[in-house]
Amino acid sequence: MGDKFQLIHDVSPGTAGWTVKVVVAEKFSPRVAQRSPTKYQNLILMDSEGSTVQATLYGQNITTFQDELILGKTYLISNALVKETNAEYKAKYGEIQWTISGRTRIRRVEENNSNILISTYSFTDFEDLPMYMDSNVDISKFDTVLLTMWEAFVDNECKYICQNLKKKPVLIGKHLKVTSFNGLSISTKADSSFFIDGEFELVEEFKSWTHTNSEIIDNMISEKHYLTSTPSKLFSKLSVPTDEKDFTEIKSIQGLKTVKQFFWIKGRASVKVLNQTYWYMSCNNCNKISSENYGDIYPCVFCKCTDAKAIPRAKVYMQLTDPTGYINATAIGNPAEYFLQSNAEILMNQTLIPTAASMRLSMDEYEIFYVKAITQESSPDCKFEILFIVNPSQIAGDKNKGKAPVEHIDEPIKLLEPTTKRSLFHSDTDDAQSSKKNVISQELRVRKKINEF
DNA sequence: CCCCCCCC
């Protein structure tokens, strides 16, 4: 099987334009890292000469590639991330390790190279090995339907939904994440927003609850004023706050560890690292990274769309400052294009390090940022993402701005869950204590379930 | 809602 391709030992960190033909010689069960919630899965790949390399998949990629990298099958692999093994593990795992990600191009080759494996290993029945030992690894589909809840919703509905999911919640990092077999994730913080991602299946009671109250929820959402420079279908229903106290000073979130998840910031963005990649190739259907060439039609491994098109998507790593401090933050897609005053195709074709002539590298005036803090698994500090940017001139003199939807709802919503005593919008003092207790007991319940897992 | 990284 050798011929026109490189061999494993031809590929070092920094090697460009390589393709290696490999057999998946071993495939281990996915595992969760000891000291972080990171999931990883190791594979051993073997070339025609019997040389091997350890390849690793992380997180969601484990399920994404489970049908792409089958034990005993042959593949052409290019553009894996090639790294030197951490010194203390070189003896055990080899000098070089590959990381397989969405960036990696994997092409199945219909060849039977099991003889290579057999000549190297003593086992022959590898086809019969259970390939995916852990069926709870993750969910495979991430079409996103996003529902943001606030204030008393978090105490009531969020808890309620979590109790009524078919599948047990798991705690990942600082987020409560709930998965169901057909794809649901919920993340929440006690004092902030609450999401439902994905297509999901809920028990009957909750279906009837959402049905009964759908009009109220729709009203709440449509009453929300919105206007952004960087429209996002996901966040199009969010208000820019009117009250200064609803904006966050950057100094208060520098080195942020946990707490609140979303912030409004009045600040200015600027690019501090000029030499960065301002785009990535993406699937036009799901925005996930693609290993294909621009314009190519391909089956997307992430969203399973059979005729996905590879298109560039803007990305920028920037610094966000206000009078009190600065944070580093990433913007992707619309907010990145808006800030740079460019578009993904131009960014892709740009070969030289950009200058202020080719794109906007810093803002002259302050603008309003909606920022998400993400708890990182690898580091104690949060990282920040710009979800959208609003130019203040857009909201000047707008009477509707910041209109709080909760003020327009008079009728309290009854929950089906009998133990939840608080009404949806009743959030004043005498209930505050009991509400806090409920949140805590819910947290304990969740933790208990995790331990049972 | 998406990039990067990630683990033995």
Close aromatic pair by centroid cut-off 6.0 Å: A:Phe369 and A:Trp264:
no
Give the residues of residues 95-105 of chain A touching DNA chain B, defined as any heavy atom closer than 4.0 Å, sorted by residue number.
A:Gln97, A:Arg103
Thinking salt bridges, do A:Glu367 and A:Arg360 make one under a 4.0 Å N-O criterion?
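Salt bridge: yes.
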Nearest to the side chain of [X] - [options]?
{"X": "A:Lys383", "options": "B:dC3, B:dC2, B:dC7", "value": "B:dC3"}
{"X": "A:Tyr58", "options": "B:dC5, B:dC7, B:dC2", "value": "B:dC7"}
{"X": "A:Gln54", "options": "B:dC6, B:dC7, B:dC3", "value": "B:dC7"}
{"X": "A:Gln34", "options": "B:dC3, B:dC8, B:dC2", "value": "B:dC8"}
{"X": "A:Asn86", "options": "B:dC3, B:dC2, B:dC8", "value": "B:dC8"}
{"X": "A:Ile332", "options": "B:dC7, B:dC6, B:dC3", "value": "B:dC3"}
{"X": "A:Thr85", "options": "B:dC8, B:dC3, B:dC2", "value": "B:dC8"}

Whole angstrom value for the distance that separates [atom2] of [N] from [atom1] of [X]:
{"X": "A:Gln276", "N": "B:dC4", "atom1": "CD", "atom2": "C1'", "answer": "11 Å"}
{"X": "A:Lys27", "N": "B:dC8", "atom1": "NZ", "atom2": "P", "answer": "19 Å"}
{"X": "A:Met348", "N": "B:dC3", "atom1": "CE", "atom2": "P", "answer": "18 Å"}
{"X": "A:Asn61", "N": "B:dC7", "atom1": "CG", "atom2": "P", "answer": "15 Å"}
{"X": "A:Trp279", "N": "B:dC3", "atom1": "CH2", "atom2": "C1'", "answer": "12 Å"}
{"X": "A:Leu43", "N": "B:dC7", "atom1": "CG", "atom2": "C1'", "answer": "13 Å"}
{"X": "A:Phe339", "N": "B:dC2", "atom1": "CZ", "atom2": "P", "answer": "23 Å"}
{"X": "A:Ile374", "N": "B:dC5", "atom1": "CD1", "atom2": "C1'", "answer": "12 Å"}

List for me each residue that meets salt bridge (Lys or Arg N to Asp or Glu O under 4.0 Å) alongside A:Arg108, sequence neighbours excluded, and say none if there are none.
A:Glu110
With sequence neighbours left out, what residues match A:Asp243 under salt bridge (Lys or Arg N to Asp or Glu O under 4.0 Å)?
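Once residues adjacent in sequence are excluded, the partners of A:Asp243 under the salt bridge (Lys or Arg N to Asp or Glu O under 4.0 Å) criterion are A:Lys245.
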Any base atoms under 4.0 Å from A:Tyr93, or only sugar-phosphate, or nothing? Heavy atoms, all strands.
base
Ignoring hydrogens and angles, answer whether the base of B:dC8 and the side-chain atoms of A:Glu88 contain a donor-acceptor pair closer than 3.5 Å.
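No pair found.
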N/O donor-acceptor pairs under 3.5 Å from side chains in residues 88-96 of chain A, not counting sequence neighbours:
from, atom 1, to, atom 2, distance (Å)
A:Lys90, NZ, A:Glu84, OE1, 2.7

Extract all donor-acceptor atom pairs below 3.5 Å that involve side chains of residues 348-356 of chain A and protein atoms in other chains or at least two apart in sequence.
from, atom 1, to, atom 2, distance (Å)
A:Asn349, ND2, A:Glu345, O, 3.2
A:Gln350, OE1, A:Ser358, OG, 3.4
A:Thr355, OG1, A:Ala357, N, 3.3

Please identify which of these residues, A:Ile265, A:Asp322, A:Ile368, meets the side chain to side chain contact (heavy atoms under 4.5 Å, CB included) condition with A:Phe247.
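Testing A:Phe247 for a side chain to side chain contact (heavy atoms under 4.5 Å, CB included) against A:Ile265, A:Asp322, A:Ile368 leaves exactly one candidate, A:Ile368.
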Any stacking of A:Tyr89 on B:dC8, going by centres under 5.5 angstrom and planes within less than 30 degrees?
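Stacking between A:Tyr89 and B:dC8: present.
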Aromatic-base stack, A:Tyr40 on B:dC7, cutoff 5.5 Å, angle under 30:
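No.
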Quick one: list whatever passes side-chain hydrogen bond (donor to acceptor under 3.5 Å, both in side chains) with A:Ser282, sequence neighbours left out.
none
